[in-house]
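Everything on this sheet refers to the single structure shown next.
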There are 4 protein chains.
Amino acid sequence: MTSAEKTDKREQLINAAEELFAEKGFDGTSVRDIAQKADVNLAMISYYFGSKEKLLLVLIEQRFASSSELLEDMVKNTKLSSWEKIEKVIEYYVDKILNGRKFHTIINQEYNTDRSHEIIDLITSIKMKNFTLIRQLIDEGIKKKEFRKIDPEMTMASMMGTINSVINSKNIYCALFKIDRENEAEYLAKMKPRLKDHLRLMIRAHLTTE
Amino acid sequence: MTSAEKTDKREQLINAAEELFAEKGFDGTSVRDIAQKADVNLAMISYYFGSKEKLLLVLIEQRFASSSELLEDMVKNTKLSSWEKIEKVIEYYVDKILNGRKFHTIINQEYNTDRSHEIIDLITSIKMKNFTLIRQLIDEGIKKKEFRKIDPEMTMASMMGTINSVINSKNIYCALFKIDRENEAEYLAKMKPRLKDHLRLMIRAHLTTE
Amino acid sequence: MTSAEKTDKREQLINAAEELFAEKGFDGTSVRDIAQKADVNLAMISYYFGSKEKLLLVLIEQRFASSSELLEDMVKNTKLSSWEKIEKVIEYYVDKILNGRKFHTIINQEYNTDRSHEIIDLITSIKMKNFTLIRQLIDEGIKKKEFRKIDPEMTMASMMGTINSVINSKNIYCALFKIDRENEAEYLAKMKPRLKDHLRLMIRAHLTTE
Amino acid sequence: MTSAEKTDKREQLINAAEELFAEKGFDGTSVRDIAQKADVNLAMISYYFGSKEKLLLVLIEQRFASSSELLEDMVKNTKLSSWEKIEKVIEYYVDKILNGRKFHTIINQEYNTDRSHEIIDLITSIKMKNFTLIRQLIDEGIKKKEFRKIDPEMTMASMMGTINSVINSKNIYCALFKIDRENEAEYLAKMKPRLKDHLRLMIRAHLTTE
DNA sequence: GATGAATGAGCATTCATTCAT
DNA sequence: TATGAATGAATGCTCATTCAT
């Protein structure tokens with residue numbers, strides 16, 4: 001057995017878990033479901049991760065890795081205008097979150113429930129870090145009089161909330177825009193530009209003084 | 001036993017279910033949990049609702065009742081400007097959704113999962129109805145040149161998404177604004193005006209031409 | 001369903017558990033074994049007792065009830081000689097322990113292992129109580145010069161240890177005395193008088209001065 | 001790798017198994033526990049012993065080796081009186097069993113359960129052999145009129161049972177004599193002379209005519 | 001209406017063992 | 001020898017639901 005195949009089974013389990021957790025929720029997914037979908041023996045979940053919950057933890061850690069690099073670049077960057085930075089952030093996050101739609105569905109679904117502190121704390125820390133970085137960009141724009149004095153937290157809520165709407169209400173948008181519910185690629189292809197255009201337009205009108 | 005007591009038990013079950021579903025999710029809540037919290041015999045859930053899933057259905061139907069009356073009023077209303085109507089919609093929805101935070105947490109959490117068609121379809125139909133009505137308000141404003149030609153669906157996504165952020169990320173906002181996580185009343189009192197002010201400002205800048 | 005039948009299932013579970021724990025040990029017995037032997041649904045163990053361990057606890061509590069009444073009578077009694085009291089204690093304990101052979105096999109087997117404190121503490125407290133009472137009888141005999149100054153604790157160890165030998169080494173004695181291993185009644189019938197005669201003779205020789 | 005290290009791992013497994021079986025029982029101990037405690041790969045148990053049960057068998061065989069040499073010496077010996085022989089047997093067995101307390105705890109615990117015939121038969125044969133040899137010593141003393149006509153089997157039951165009490169009820173004696181439960185050495189140091197004195201006194205009073 | 005008992009299917013996890021390397 | 005991976009069966013327990021009363 002090659003080393004590629006070895007890690008395969010672990011990876012297969014994580015991938016199967018991601019799909020199932022997104023579709024059916026954490027509690028709605030049994031370890032049997034995961035093992036079957038991954039075509040891996042049930043006991044390997046215990047072997048590799050210890051428990052179903054620790055599998056979720058590993059899944060989150062792995063998918064969140066390389067999270068806020070662009071944000072840190074933007075904060076340090078001195079050449080771009082504040083608005084150009086925000087534009088880049090919008091571009092980046094729409095792509096990133098929509099490409100990882102399944103994963104972010106899990107995060108959105110499980111974040112509010114009574115999960116173990118480990119999971120809640122992990123997600124909170126990542127969200128807080130990103131929140132703080134975006135806030136710096138907005139504050140900088142306000143200081144430079146490039147932006148109006150708006151409510152930074154609520155403005156971020158609008159950015160993230162708009163993207164999450166597209167993530168969470170796929171059903172609605174597929175119905176509204178007559179997109180085949182099973183065709184994930186088409187959904188992403190149609191929603192990404194629409195979402196980016198809208199956010200750019202709305203956030204610009206909201207932030208910038210003219 | 002009086003008829004008041006009769007409906008009491010049914011109502012207690014629905015209320016207990018609402019809290020538990022919001023906290024732990026549908027699958028994470030057992031009928032035993034619900035019966036215990038409601039201080040009602042376990043078998044009564046079967047008796048009153050038939051099954052755990054039908055209890056969720058009844059809960060959704062009951063809480064969604066009297067939903068879109070204001071929207072219909074606004075559509076028919078000819079005295080108010082389009083923006084005044086949107087303002088009223090914002091005011092109304094922020095109050096309504098934040099007051100029913102627990103219920104909307106359930107909706108947001110369970111809507112994406114593989115629930116029975118009955119539940120998904122019920123939620124979808126209510127959401128679609130409200131979407132359509134708000135769209136009429138926006139289209140009317142565009143027609144009257146009161147609003148710019150923006151993307152109506154994405155604009156609604158932003159309105160709803162912003163409110164949902166406040167619903168779903170209570171953890172984050174409690175941390176950011178130093179609000180006691182257990183003090184629901186304080187959370188609502190602080191977030192409602194902030195949310196309304198922000199939405200009015202942002203949506204106005206986005207929609208209206210000057 | 002009559003009330004007799006109701007408690008029957010609970011009782012059946014306890015009886016089945018007693019036999020199986022004695023034969024195969026606590027860990028060697030599965031809840032499925034118990035349910036099957038009792039001809040009762042598996043889930044009833046959870047329903048009645050909460051867990052396998054709590055079933056053992058209930059079993060011990062129930063079988064130990066009405067434990068040390070005779071000993072307390074003997075301590076209070078002023079008419080009998082100290083030796084007559086010890087004789088009665090031997091008579092009583094041989095009958096009691098041999099009649100509850102299965103139960104005492106469990107106690108002897110499980111007492112030394114890493115069980116929950118609840119179980120260990122329960123057994124210890126009962127054993128200590130009886131130890132203390134018997135010690136009083138021996139001390140009284142010594143004070144009255146009826147008995148020699150022997151080691152009371154070790155003397156009790158010999159009394160209990162001898163009886164436990166007959167309990168625990170049934171295999172050996174069946175082989176030595178050619179008793180059918182399956183014939184519990186014959187074993188008890190042959191061992192009880194033998195055990196009583198021996199203990200009376202030995203303990204008398206040990207205790208009494210002439 | 002040296003041959004010393006080779007047998008080391010095997011020996012480590014047996015030693016770890018002895019401790020764990022004594023503490024938690026055979027069924028309460030998993031092969032993972034043993035492998036971990038011995039710091040040896042799990043699969044080595046299969047490799048060295050074939051199975052968990054065969055490991056127990058090897059453990060018993062190894063610890064029982066060199067068992068009844070002293071007894072055979074005593075039977076052949078013509079110089080010592082019968083009582084002097086019994087005294088030596090008491091001395092020998094108290095030391096031997098108390099020094100191997102953990103092992104004898106296992107034997108006492110597992111002997112009554114439904115183990116494989118191989119194990120039961122092995123233990124029975126060793127016990128029977130020793131029983132027979134001691135019986136010869138007692139019969140010899142009776143024949144020589146040195147001893148009374150007592151019940152030899154029950155007398156042996158008392159000897160072994162008294163020692164087993166000290167083995168099995170360590171909890172009780174630690175509580176009675178205020179010995180630290182974790183201090184095995186202190187327990188043995190205090191119990192051995194006490195046990196020997198008592199047995200000598202009691203068995204002498206029981207056996208010898210004066 | 002209301003309840004305690006009962007059921008069978010399902011749960012996550014751990015078991016002793018075996019395998020390829 | 002030695003190991004990490006893998007397996008299928010079994011573990012204790014909880015699930016939503018039903019039933020007789």
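We name chains A, B, ... by the order of the sequence lines, and we start the count at 1 in each one.
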In whole Å, what is the span from the CZ atom of D:F49 to the P atom of F:dA2?
12 Å
Starting from the 5' end of DNA chain E, give me the residue, D:D27 or A:F26, whose nearest nucleotide shows up first.
A:F26
Expressed as a whole number of angstroms, how long is the span from A:L13:CG to F:dA6:C1'?
12 Å
Test log, rule side chain to side chain contact (heavy atoms under 4.5 Å, CB included), inputs C:Q62 and C:E11:
CA-CA 11 Å; C:Q62 183 170 314; C:E11 221 58 42; 2.7 Å; yes
Tell me whether the rings of B:F64 and B:F103 are parallel (<30°), tilted (30 to 60°) or perpendicular (>60°).
perpendicular
If you write DNA chain F from 5' to 3' in dot-bracket form, with Watson-Crick or G-U pairs under 3.5 Å, [ ] for crossing pairs and | for pairs with another strand, what do you get?
.||||||||||||||||||||
Roughly how many Å is it from CD in C:E11 to P in E:dA5, rounded to a whole number?
14 Å
Spacing of C:K9 atom NZ relative to E:dT7 atom C1', expressed in whole Å
9 Å
For F:dT14, take OP1 and OP2 only and decide whether either is under 4.0 Å from a side-chain N or O of B:S30.
no
Considering only heavy atoms, which members of residues 38-46 of chain B lie under 4.0 Å from some atom of DNA chain E?
B:N41, B:A43, B:M44
What's the CD1-C1' distance between C:I34 and F:dC13, to the nearest Å?
13 Å
Roughly how far, to the nearest 0.5 Å, is the CD1 atom of B:I107 from the CD1 atom of B:I126?
7.5 Å
In C:R101, C:K24, C:K37, the residue satisfying salt bridge (Lys or Arg N to Asp or Glu O under 4.0 Å) with C:E19 is C:K37
Nearest to the side chain of B:K52, heavy atoms from C-beta on, is which of E:dT13, F:dT17, E:dA16?
F:dT17
Could you state the CD-P distance from A:Q36 to E:dC11, rounded to the nearest angstrom?
11 Å
Nearest-nucleotide 5' precedence on DNA chain F, A:R32 against B:G50
A:R32
Find the distance between CG (A:D39) and CD (A:Q12) and round it off to the nearest 0.5 Å.
7.0 Å
Side-chain (B:K9) to main-chain (B:N41) donor-acceptor, under 3.5 angstrom:
no
Between D:S51 and A:V31, just flag the one whose closest nucleotide in DNA chain E comes earlier from the 5' side.
A:V31
Please check: side-chain N/O of D:K52 versus main-chain N/O of D:S30, any donor-acceptor pairing under 3.5 Å?
no
May I have the distance from D:D33 (atom CG) to F:dT11 (atom P), rounded to whole angstrom?
18 Å
What distance separates B:L42 CG from B:I34 CD1, expressed to the nearest 0.5 Å?
10.0 Å
Please pick, from E:dT17, E:dG4, F:dC13, the nucleotide with the shortest atom-to-atom distance to any side-chain atom of C:Y47.
E:dG4
Rounded distance [0.5 Å steps], CD in D:E23 versus OG1 in D:T105
10.0 Å
Give the rounded distance in Å between these two atoms: CG of B:L55 and P of F:dA16.
11 Å
